[in-house]
Number of protein chains: 2
Amino acid sequence: MPPYDPSAFPPFAVTVDLVVLTVRRHALCTLVVRRGEAPYQGRWALPGGFVRADEDLGAAAARELVEETGLCAHDPAAPPPVPSNGAHLEQLATYGAPDRDPRMRVVSVAHLALAPDLPAPRAGGDANSARWAPVEELLGEDMIAGTVVSADGAEAGDDPEGTGKSGGPEALAFDHARILADGVERARSKIEYSSLATAFCPPEFTVGELRRVYEAVWGVSLDPRNFHRKVTGTPGFLVPAGGTTTRQGGRPAQLFRAGGATLLNPPMLRPEV
Amino acid sequence: MPPYDPSAFPPFAVTVDLVVLTVRRHALCTLVVRRGEAPYQGRWALPGGFVRADEDLGAAAARELVEETGLCAHDPAAPPPVPSNGAHLEQLATYGAPDRDPRMRVVSVAHLALAPDLPAPRAGGDANSARWAPVEELLGEDMIAGTVVSADGAEAGDDPEGTGKSGGPEALAFDHARILADGVERARSKIEYSSLATAFCPPEFTVGELRRVYEAVWGVSLDPRNFHRKVTGTPGFLVPAGGTTTRQGGRPAQLFRAGGATLLNPPMLRPEV
DNA sequence: GCAAAAGTGTTCCCTTTACACCCATGT
DNA sequence: ACATGGGTGTAAAGGGAACACTTTTGC
């Protein structure tokens with residue numbers, strides 16, 4: 001890179017933050033890590049890190065995703081966000097209020113990742129410094145503005161399952177509650193008109209499992225019969241995989257794979273209330 | 001801002017770029033400015049500039065918008081993007097490929113602005129260094145990748161109206177063709193389910209004028225009868241303004257103002273093809 | 001009168017919705 | 001046998017597409 005007068009523009013730190021969503025036990029959950037350093041020490045935060053000097057933004061997000069979860073996402077530069085063996089990853093929005101980090105001027109390019117249910121988070125080897133937290137627990141109305149509900153950095157306790165509520169609600173660090181809210185809203189609206197909900201499922205899944213994804217993300221219940229007709233009736237949305245079955249209770253269900261169609265038209269209608 | 005070790009992270013320049021869209025003469029147009037400096041000198045580019053040291057991203061975009069067009073937009077931090085006396089402004093996406101600017105590492109937070117038809121662009125006093133260009137002219141398939149169609153920086157000639165095609169197609173500087181394409185796509189999809197199309201209209205407008213906005217942005221023609229029923233039948237979408245009329249051809253039409261409803265449900269359906 | 005744009009009414013068709021009903025497994 | 005979830009059939013209600021028709025201006 002040729003030399004350039006650095007006094008011509010103010011220098012910024014650029015980071016990527018990740019909203020990693022998954023569905024665990026019928027609840028929409030997000031990955032949060034415990035902060036070990038100065039500002040907001042001990043508080044939960046979204047995973048993220050600095051963009052390297054010669055790294056693209058999407059590449060930085062994909063690298064952070066691997067570091068935090070081991071998930072391998074497609075390069076988001078490729079236009080159709082088809083899930084591979086890993087997760088869906090897309091850019092969400094950029095947050096750059098001058099006072100969002102007290103240490104320095106940081107602009108954070110937030111990304112949204114959607115992943116199937118994973119065994120347990122591993123954050124740089126430190127097991128209990130990362131967990132899947134139900135978003136409902138993190139976004140309880142008054143927490144979005146950044147207000148601290150439990151004023152101190154109260155411990156959430158040890159939770160081997162990774163989804164427990166032992167710690168009670170606690171505001172996320174920085175403006176991460178706002179970022180999380182924006183990511184959840186993006187996911188909620190995008191599954192209406194796209195095949196994105198399949199990114200929450202394993203490679204092969206049943207119609208019922210896909211329906212439970214919609215129900216968890218939207219927080220509603222859907223008619224199983226009409227849902228089945230809708231998703232199987234849209235050409236290219238689902239393709240039968242081997243035709244075999246699996247079980248989760250009653251009659252064995254047909255297994256499907258996500259089809260080539262990425263757009264769902266007409267869209268899935270989200271019920272009111 | 002407290003001191004911090006600047007060697008802990010690579011420094012970036014952060015800019016805002018603007019996709020300013022309007023509808024002129026039944027065509028969707030965008031504001032482009034002539035580059036006077038080193039890389040891509042003489043080529044057209046999207047307006048933009050550096051974010052200042054203590055400036056929010058949205059504030060920087062609003063400032064650039066005023067500098068380039070005189071338009072006064074609402075602070076995009078306010079959640080509902082209601083158009084005021086000025087334009088609609090929202091964040092679009094962030095572009096940060098390591099080689100997108102040969103001089104240095106630049107991350108650009110692109111914003112999308114929607115404005116009613118304006119008399120003529122004024123770019124920092126230099127009149128013929130800015131123009132409204134039809135997007136169709138700038139996004140002719142092969143131009144999105146950044147390829148130069150007319151290899152040199154051919155002059156577009158003097159064009160007092162600001163919309164002329166005298167220069168013929170020429171690729172935009174940097175990755176601005178990609179940014180413009182993303183902004184156009186955002187506008188095209190967002191007018192489906194929101195009242196955003198009214199941002200292209202003056203404060204008071206007729207149903208026919210609003211329909212011609214949809215037709216220009218989508219590049220289709222819509223049934224005037226069904227369109228009228230659709231927009232007037234959605235409660236809160238349009239409110240009668242004074243009830244007076246205006247003319248553009250036949251029978252006088254009722255004047256409307258944008259109503260409080262920002263979401264259009266069920267959405268306006270975009271015809272195929 | 002004629003052209004042009006603004007509105008209104010009506011019919012057809014497709015989708016959603018709600019729900020009755022049957023199918024295939026585990027206990 | 002019974003509970004549980006998977007899947008099909010069907011009729012009523014709602015909304016969009018297409019188009020006939022009336023209204024009100026300018027020329």
Side-chain angles (χ1 to χ4, degrees), chain A residues 25-26 191-193 201 204-216 218 220-257 261 263-273, chain B residues 25-26 191-193 201 204-216 218 220-257 261 263-273:
Chain A
R25 306 169 171 184
H26 284 198
I191 64 174
E192 291 185 31
Y193 57 89
C201 297
E204 298 193 348
F205 52 90
T206 68
V207 173
E209 289 163 359
L210 184 62
R211 175 173 47 81
R212 280 181 279 274
V213 164
Y214 276 92
E215 292 176 332
W218 284 344
V220 299
S221 50
L222 301 172
D223 187 305
R225 290 85 58 116
N226 293 334
F227 183 88
H228 185 280
R229 216 192 326 267
K230 173 80 180 174
V231 295
T232 58
T234 301
F237 187 58
L238 296 183
V239 291
T244 62
T245 70
T246 186
R247 61 226 31 140
Q248 138 138 5
R251 161 177 171 181
Q254 203 176 351
L255 280 173
F256 291 91
R257 215 179 279 279
L263 255 42
L264 184 54
N265 200 302
M268 183 86 59
L269 293 186
R270 168 154 44 158
E272 320 283 326
V273 180
Chain B
R25 306 170 171 184
H26 284 199
I191 65 174
E192 289 184 30
Y193 57 90
C201 296
E204 299 192 349
F205 52 89
T206 69
V207 174
E209 287 163 0
L210 183 62
R211 175 173 48 82
R212 279 181 280 275
V213 164
Y214 275 91
E215 292 177 331
W218 283 344
V220 299
S221 49
L222 301 172
D223 186 304
R225 292 85 57 119
N226 293 333
F227 183 88
H228 186 279
R229 216 194 328 269
K230 175 80 178 170
V231 295
T232 57
T234 302
F237 187 58
L238 295 183
V239 292
T244 61
T245 70
T246 186
R247 62 224 32 138
Q248 141 136 11
R251 163 177 166 180
Q254 203 177 351
L255 280 173
F256 291 92
R257 213 178 280 277
L263 255 43
L264 186 53
N265 200 302
M268 183 85 60
L269 292 186
R270 169 154 43 159
E272 320 283 325
V273 179

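Reminder, nothing fancy here: chain letters follow the sequence lines and each chain counts from 1.
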| remark: Letter by letter from the 5' end, nucleotides 19-27 of chain C scores (B base, S sugar-phosphate only, - none; protein heavy atoms under 4.0 Å) BBB-BBS--
| task | Using whole Å, report how far NZ of A:K230 lies from P of D:dT8. | result | 17 Å
| request: Determine: side-chain N/O of A:R212 to OP1/OP2 of D:dG6, distance under 4.0 Å, yes or no. | output: yes
| task | Please name the pair of heavy atoms, one in A:P235 and one in A:A261, separated by the smallest distance, quoted to 0.1 Å. | result | O-CB, 4.1 Å
| request: Could you state the atom-to-atom distance from CZ of A:F227 to C1' of C:dA18 in whole Å? | output: 17 Å
| field | Euclidean distance, atom CZ of residue A:F256 to atom C1' of D:dG6 [Å, nearest integer] | value | 11 Å
| task | Select one nucleotide: of D:dG6, C:dG7, C:dA6, the one nearest the side-chain heavy atoms of B:Q254. | result | C:dG7
| query | When the distance from CG of A:L269 to P of D:dG14 is rounded to whole Å, what number comes out? | reply | 15 Å
| Contacts of type ring-ring contact (aromatic ring centres under 6.0 Å, His included), residue B:F237, not counting sequence neighbours | none
| Side-chain heavy-atom pair A:H26, A:R212 within 4.5 angstrom cut-off | yes
| Below 4.5 Å, heavy atoms only, C-beta onward: do A:M268 and A:W218 meet side chain to side chain? | yes
| message | Any side-chain N or O of A:H228 below 4.0 angstrom from OP1/OP2 of D:dG6? | response | no
| query | Just how far, in rounded Å, is P of D:dG6 from CG of A:L222? | reply | 13 Å
| said: Working to the nearest 0.5 angstrom, can you tell me the gap between A:H228 NE2 and A:L210 CG? | reply: 11.0 Å
| task | Using a heavy-atom cut-off of under 4.0 Å over every strand shown, decide if B:P266 touches base, sugar-phosphate, or nothing. | result | sugar-phosphate
Could you pull out the protein-nucleic contacts involving nucleotides 11-13 of chain D (nitrogen or oxygen on both sides, under 3.5 Å)?
none

| query | How many Å lie between CG on A:L238 and P on D:dG7, as a whole number? | reply | 11 Å
| CG of A:L210 versus P of D:dG5: gap in Å, rounded? | 17 Å
| Atom pair CZ/CG of B:R257 and B:L238 - distance to nearest 0.5 Å | 12.0 Å
| query | What is the distance, rounded to the nearest whole Å, between atom CG of A:N265 and atom P of C:dC14? | reply | 16 Å
| Hey, does B:T245 have a side-chain heavy atom less than 4.5 Å from the side chain of B:L255? | no
